[in-house]
Amino acid sequence: MGNELDFSKIEKKWQQRWEKTRIFEAEPDGKKKFFFTTPYPYISGSLHVGHGRAVSESDIFCRYLRMKGYNVLYPMAFHITGTPVLGISAAIKAGDTEKINLYEEYVGAYVTSKDKVKKIVKSFANPQKIVDFFIPRMMEEYKQLGLSVDWRRQFTSGDMEHQQMVSWQFEQYRKKGYLIKERYPVLYCPDDESAMGEDDIQDADSEPVEKIEFTLLKFSFGKKFLVAATLRPETVFGQTNLWINPEVSYIEAEVGEEIWIMSEEGYEKLRYQRSDIKKIGYLKESLLGKKALAPMIHRELMILPSRFVDADVGTGIVTSVPSDAPYDYVALRELQRLSAEQKKKIGFTLSQIEDIEEIEVIPIITTAKYGDKAAVKVVETTQVITQDDPRLEKLTQEVYKEGYHAGTLNENCEAYEGMLVKEAKEKMKHIMLAKHEAAIMYEPSRKAVSRSGGKIIVALLDNQWFIDFNAPGWKEKAAECLQKTKLLPERTRAQFIDTFAWLDKRPCARKRGLGTPFPFDTNWIIESLSDSTLYMTLYTINHLIRKNKLKREQLSTVFFDYVYAGKGAMKEVAKKTKIKEPVLLELRKSFEYWMPVDQRHTFTLHLPNHLSFMLFAFASIFPENYWPRAISFHGLVVSEGSKMSKSKGNVITLLDIKKKYGADVFRFYLTNSTNIEGTFDWRESEAQNAKATIERVYATLQEAATMRKKGAVRPLFISRFNSILKNAGEKLSQMKLREYTAAAIFDMLRLVKDAKLVMEKKELYAFYYLIGNSWVRLIAPVCPHTAEEVWSIFGKNGFVSLASWPEHDEGQIDMKLEQAEHAVDTTVTDILHVLALVKEKQRKNPEKVYVYVLPHEYDTYSAKILTKRVGMSVEVYAVNDPKKHDPTGKAGKARPGKPGIYVE
RNA sequence: GCAGGAGUAGCGAAGUGGUCAAACGCGAGGGACUCAAGAUCCCUUCCCUUAGUGGGUUCAGAGGUUCGAAUCCUCUCUCCUGCACCA
């Protein structure tokens, strides 16, 4: 048909009108305010439906609140701080073709000329250019969803206004003693000379890299020490020998007063973990066959050769515990099985060969699953023969896991007998550390390289700044804040409580990245989750800062003390900041008017980090009346059943939405297909259905707008209509968006359908008159563009976005009537059933249907309606009621004394 | 491993002590309309039975509490998510 709905045209039209008339620019007024926020997006490419979900759900709710008479502030900003933007920039600068292609694709979505695309991407070598390019486009994409955002207040986390605010926040933290400095291990790249986050490491998103703590066991070797790295200090009682790799070059290094022996690679890593280490030179003597004194157990252990020892894992020296380490057991057995001749060839003396033969496995840990020599057991059952067998890796993990969780130390472990492995591990480690028989070394959990190919190691940073969530009093305050915050759904509270308990010290500054300089140590940048805990407060004043062209230096501590905390005399503040008093007053008033945040709508994944930090921040910086009032959560977005990812090609961007469906369809489909906490699965085919549904709504409303005429409508439909209004409103007020759209769209469509079925034209038009105007307003939150368009067809002035919410009329709701209708409905269905059967069996059309009902139900049934609905003559009687019981006796055979349907 | 969450019809899900074979949407099948397709409308869609309104077995599995449980308790299994400097 020619009049197919062109959503994009309608949407564009209304978006422009909203913008032009500035109806969503909120300013303090006499109405009750509602300050609604949702997290700002990080710029790393196009916005997709995941971003679309948070803002659309928020927008629907904001639009509802606006129609309910609230003065709603719904702002938005952009997150640019941290390392990713910098990483992108660096990669492009370095000529990383993968990144360049990716970004050419992103930019290509907006810019057609290929040359221009290349040029733009090239300019991304400057990170600011990335920000400058994407932000206006992201704003455009958000606008295309029809968001009722006050864009005047927009900023990025890199803007000076935000930086000044964050600096002020950290000054408060410092005053309260929430910032501390400590040593801290980080993933580090010596080539790049900087700490590495997940984004900086190759494949770290799919195979995460962790920091692992090794215990360095110190074996006395003359006056020197051989240091062996182990993850299992609790197994020292099972040690039988030491492993080195004859292929590896070992070095000697001065460590404090001592001399340590280790692989060169080990030294290179340890260098970044302790300042007291210094290389002397290559080890001159041979270690093979010699003995060293083991820590803790103080036994002499022989140094033996192996192939599995990797110079680049730990120190390149490994202690051997054949009872619980499959590698050790296999390597030991391999060695023992060599003929005396072969051993001689390696360089062992006769007595050494004897000693080697005599080495026996010492059982130390007992588990129900593997008995007391786990490694021996798994090696025997899998028949692993050589230390090169790849299965050993897995066996090691299995044995380790079982031992750790279910193992107990046995009688060979002296004082530790009977202790759980879990406990013994910590205890023995600490004792050895205390006796200087051991030290600590950190390693990445896997071999990893940075994006530029440099090796990743662990470095200990000496002066890392932390936010100390365990600072006295803070957790209590945060808990109080949490307790006063309304949570949607409420069950997330348990997770918050759990997270609060777990929060300890969080490094809050980095050496690299975009962001706010750490106020007390400008070599550092405030880490990007720590700088985004109070940013929503800036919405309350940012447009005024801009309007009055305030400069960075004016937004000083004094400024925020006054505007954010009401501290200081205005006169003084004006003098110090060189801001005029009325301006200051306006800023302060604006802040006071909009605060607190009434609701924050976010992704559940943000709970353990962003939202928890946010509550801590608010609890510490602001008095109780400025604490956030409510937090609501939305679920994940996936596409065609699986997680969205570029490699799968199933990322649905907001540009796609615009091209294929339009905002209203997206908003409706999104909210109607899952409840707010659920996972939203974008499915192309269902999106198409959603589109058809909205087209139907539009067509119906259009018909209603043109045909409607005042008149009488039967009470049942008035009642049903009001029930829908009531239900939809109640659900929406609780942010149950799915139920709301189900009522506003599907229930209403059904109601219209039913009306068309039973009403004559005159009544139908009156029915249109009844519902039209309210129905448009009912759908306005979810489908604002469609609603505006219809609103104009109705000949209404102004925007439906600013119209009042269609309240139901309780007095018009007659539940009895609706129930009766429902009863009739099921009866009709039953009659049709029976008729179908009758037709089949008797092969002739029956004459008449008799319905027998219980006396109290009698008034419910109208023979006339039934007749009409069924399409043949229906008579209704009540059973066992002399008055209503088949008075004519013409109903044929005697009826049983129970209700039923009979056809003749 | 720790923590949080989830497991209901082909699918998405609603239902949190009785009114539940289970709303609503999608999908599937049948029918009406149509030259046809689409749209729309009607019916069916756990199993059995049937001139219908009947019966049976169900809500991951196993126990338990209760007159009564998908809903409360215990255990088990499976899946998802998070576990810190990373946005």
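Side-chain atoms are counted along with the backbone in the values below, which use heavy atoms only and exclude waters and symmetry mates. We name chains A, B, ... by the order of the sequence lines, and we start the count at 1 in each one.
Nucleic acid contact for A:Y184: base, since at least one base atom lies under 4.0 Å from a heavy atom of the residue. Heavy atoms of A:H610 sit nowhere under 4.0 angstrom from any nucleic acid atom. Across all strands shown, A:D747 has no heavy atoms under 4.0 Å from either base or sugar-phosphate atoms. Among the atoms of the strands shown, none is found under 4.0 Å from any heavy atom of A:T604. The residue A:R493 sits apart from the nucleic acid: no heavy atom pair falls under 4.0 Å. Among the heavy atoms of the strands lying under 4.0 Å from A:K211 are primed sugar atoms or P, OP1, OP2 only; no base atom is included.
Pairing for B:rC46 is with B:rG56, a Watson-Crick or G-U wobble pair whose two hydrogen-bonding atom distances lie under 3.5 Å. Using Watson-Crick or G-U wobble geometry with both donor-acceptor distances under 3.5 Å, B:rA22 finds no partner in any strand shown. Pair assignment for B:rA70 gives none, since no Watson-Crick or G-U wobble pairing has each distance under 3.5 Å. Pair assignment for B:rU40: B:rA32, on the basis of Watson-Crick or G-U wobble contacts that are both within less than 3.5 Å. Judged by Watson-Crick or G-U wobble contacts below 3.5 Å, the nucleotide B:rA84 has no partner. The nucleotide B:rC79 finds its pairing partner in B:rG5, both defining distances of the Watson-Crick or G-U wobble pair being shorter than 3.5 Å.
A:T516 and A:D531 share no side-chain donor-acceptor pair at under 3.5 Å. With hydrogens and angles left out, the side-chain atoms of A:E684 and A:Y661 include a donor and acceptor closer than 3.5 Å. Under 3.5 Å, the side chains of A:K511 and A:N523 contain no donor-acceptor pair of N or O atoms.
When rounded to the nearest whole Å, the span between CZ of A:R750 and C1' of B:rC41 equals 14 Å. One interatomic measurement links the two molecules: CG of A:L670 to C1' of B:rC26, which rounds to 16 Å at whole-angstrom precision. Remark: P of B:rC83 and CG of A:L529 are 11 Å apart, rounded to the nearest angstrom. For A:E703 and B:rA39, the CD to P distance is 19 Å, given to the nearest whole Å. If you measure from atom OH of A:Y740 to atom P of B:rA14, you get 20 Å, rounded to the nearest angstrom. Nucleotide B:rG1 holds its P atom 21 Å from the CD atom of A:E213, rounded to whole Å. Regarding A:K736, its NZ atom lies at a distance of 15 Å from the C1' atom of B:rC24, rounded to whole Å. Between the CD atom of A:E210 and the C1' atom of B:rG1 there is a distance of 12 Å, rounded to whole Å.
Across B:rG27, B:rC41, B:rA84, the shortest atom-to-atom separation from the side chain of A:D504 is found for B:rA84. Among the nucleotides B:rU40, B:rG25, B:rA84, the one closest to the side chain of A:F746 is B:rG25. Of the candidate nucleotides B:rA84, B:rA3, B:rC26, B:rA84 has the atom nearest to the side chain of A:W502.
Shown here are the salt bridge (charged side-chain N to carboxylate O under 4.0 Å, His left out) partners of A:R600, two or more places apart in sequence or in another chain: there are none. Partners of A:E730 by salt bridge (charged side-chain N to carboxylate O under 4.0 Å, His left out), not counting sequence neighbours: none found.
With both ends at atom C1', the span from B:rC24 to B:rG17 equals 24 Å, rounded to whole Å. Across B:rC83 and B:rG61, the matching C1' atoms stand 30 Å from one another, rounded to whole Å. Remark: the separation of the P atoms in B:rC73 and B:rG7 is 14 Å, to the nearest Å. Spacing between B:rG30 and B:rG15 at atom C1', rounded to whole Å, works out to 30 Å. Using atom P as the reference point in both B:rC59 and B:rU19, the two lie 15 Å apart (nearest Å). Rounded to whole Å, the separation between the P atoms of B:rG38 and B:rC33 comes to 16 Å. Rounded to a whole angstrom, the distance from the P atom of B:rG64 to that of B:rA69 is 12 Å.
Taking the six-membered ring for Trp and thresholds of 30 and 60 degrees, A:F666 and A:W682 have ring planes inclined between 30 and 60 degrees apart.
If you find the closest nucleotide of RNA chain B to A:R506 and to A:R696, the one lying nearer the 5' end belongs to A:R696. Projected onto RNA chain B by closest heavy-atom contact, A:K505 and A:L605 fall at different nucleotides, the more 5' of which corresponds to A:L605.
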Check the interface with nucleotides 9-12 of chain B: list each N/O to N/O pair with the protein under 3.5 Å, or write none.
unit_1: B:rG12; atom_1: O2'; unit_2: A:S673; atom_2: O; d: 3.4
unit_1: B:rG12; atom_1: N2; unit_2: A:R738; atom_2: NH2; d: 2.9

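Within the 4.0 Å cut-off from OP1 or OP2 of B:rU40, not a single side-chain nitrogen or oxygen of A:K756 is found.
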Pair A:F613, A:I467 - check side chain to side chain contact (heavy atoms under 4.5 Å, CB included), show working. CA-CA 10 Å; A:F613 303 158; A:I467 294 178; over 6 Å; no
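Residues A:F616 and A:K475 have side chains in contact (heavy-atom distance under 4.5 Å, counting atoms from C-beta outward).
Evaluated for a side-chain contact (heavy atoms from CB on, under 4.5 Å) with A:L607, the options A:L487, A:I631, A:T492 yield exactly one hit, A:T492.
A:Y442 has its ring centre no less than 6.0 Å from the ring centre of A:Y272.
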